[in-house]
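Worksheet: one structure, shown below.
All residue numbers in this chain count up from 1 along the given sequence. When reading the values below, keep in mind they use all heavy atoms of this one structure, side chains included, and skip hydrogens, waters and symmetry mates. These numbers were taken from a predicted model, which means no experiment stands behind them.
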Amino acid sequence: MTEVFQFGVEPITCHAWNKERTKVALSLNDNEVNIYARQVGTGDWILEHTLSGHDLRVTGVDWAPNTNRIVTCSAVRPLWSLLKVRPLWSLLKVRPLWSLLKVRPLVSPQENKFAVGSGARLISVCYFEQENNWWVSKHIKKPIRSTITTLDWHPNNILLAAGSSDFKVRIFSAWIKDIEPKPTATPWGTKMPLGQLMTEFSNSTGGGGWVHGVSFSWDGNRVCWVGHDSSVSVADASREMAKTQLKTPHLPFTAVTWISKNSLLAAGHGCCPMVYAVEDSGKLTFVSKLDIAQKKESSNMSTEDTPDRYASSLRVFVPVMLPSCSTLACDCVLARNSI
């Protein structure tokens, strides 16, 4: 059952849930992050805390489920790591970092580091330095040639998948030898120093489009991604890096994630999450839409009575049904947190 939550009329540019899904951190297209808690019994969402410190619009937020740490980033410096020490949040700056646009930060599975991509054509892998009580970063630069648009961690906490606007998906090693033991071999490769390019995939040999979303499978042997050319792709390291691509008739997807061993969920500009099946051979097939289109009766509402089409919600960005809208979400799904 789909639930719709409203938080005013401003668009929600990024959000992240806590482990129990009882709290959410979100940014309403400004330089602050609001933390809302859901009331037991009534189900109402109450503003619990406002996190400030960014100069410009917040572009990404992630919430580590076990350490209860929130990481946020914005279009320019700084980038913050926030740790909940009841009843307050302790603010820690991450340094040094670049000043260009940063995409959503992503906490690693073991929550001992996080990665952030940027328009500076690099990825920062950040970890905590106890001696100085701050987060420091190591950079992955080569052979990135364009803006990093999306990231995802491998289940082993070492490998990192990155999609970019040069139509490429790359698998890098993000091993930090100062805090982690030497990694074991995987189907993606054996030698894994920091920044090692394990493999690279092109979204399309004929040009293609920006890579909007990338996701490792649960066992880590496969990676899927979606591009602006309305394609869904899967690569399998256990099958000699075999790649399968399906060009869909839908509007481009902006987010994708694995929901089972052989199933993908993708959503984006079409405003409707869609399920795809992945056979062991790599073949991709469309399964179903999760939102059933319904015909809406036309109304004679005046312009003043028409709901604001940019009203924001938590799980779908525009919950208001317009006469021309046939699905629950009437605007683009922007990030993987949303599906």
_When you compare the side chains of H139 and S124, does any donor N or O come within less than 3.5 Å of an acceptor on the partner?_
yes
*Around atom NZ of K138, are there more than 12 heavy atoms of other residues, nucleotides or ligands at under 6.0 Å?*
no
*Look at atom CH2 of W258 and say whether more than 12 heavy atoms of other residues, nucleotides or ligands are closer to it than 6.0 Å.*
yes
*Would you say the side chains of N203 and D229 form a donor-acceptor pair under 3.5 Å?*
yes
*asked:* Rounded at 0.5 Å granularity, tell me how far CD1 in I171 sits from CG in L197.
replied: 9.0 Å
*May I have the step-by-step check of ring-ring contact (aromatic ring centres under 6.0 Å, His included) for F5 and W45, ending in yes or no?*
CA-CA 8 Å; F5 311 120; W45 290 89; 5.5 Å; yes
*asked:* Does either side chain, that of T254 or that of H212, offer a donor lying less than 3.5 Å from an acceptor on the other one?
replied: no
*Give a yes or no on whether a salt bridge exists between K23 and E48, defined as a side-chain N under 4.0 angstrom from a carboxylate O.*
yes
*Is there a donor in the side chain of Q196 and an acceptor in the side chain of S173, or the other way round, less than 3.5 Å apart?*
no
*Are T13 and L28 close enough that some pair of their side-chain heavy atoms sits under 4.5 Å apart?*
no
*Between atom NE2 of H269 and atom NE2 of H250, what is the distance when rounded to the nearest 0.5 Å?*
14.5 Å
*With distance as the sole criterion, is a donor-acceptor pair present between the side chains of S27 and H15 under 3.5 Å?*
no
*asked:* Looking only at the side chains, is there a donor atom on one of E111 and N66 sitting less than 3.5 Å from an acceptor on the other?
replied: yes
*If we ignore angles and hydrogens, is there a donor and acceptor under 3.5 Å between the side chains of N157 and E180?*
yes
*Does some side-chain heavy atom of V232 sit less than 4.5 Å from a side-chain heavy atom of L264?*
yes
_Crowding at CD, E240 (>12 non-hydrogen neighbours, <6.0 Å)_ = no
*Will you find, in the side chains of S217 and N221, an N or O donor that is under 3.5 Å from an N or O acceptor?*
no
*Should P143 and R170 count as side-chain neighbours, where that means a heavy-atom distance under 4.5 Å?*
yes
_Side-chain heavy atoms of D152 within contact of L106, under 4.5 Å_ = yes
_Tell me if the aromatic rings of F201 and W225 count as close, with their centers under 6.0 Å from one another._
yes
*asked:* Are Y127 and W135 an aromatic pair, judged by ring center distance below 6.0 Å?
replied: no
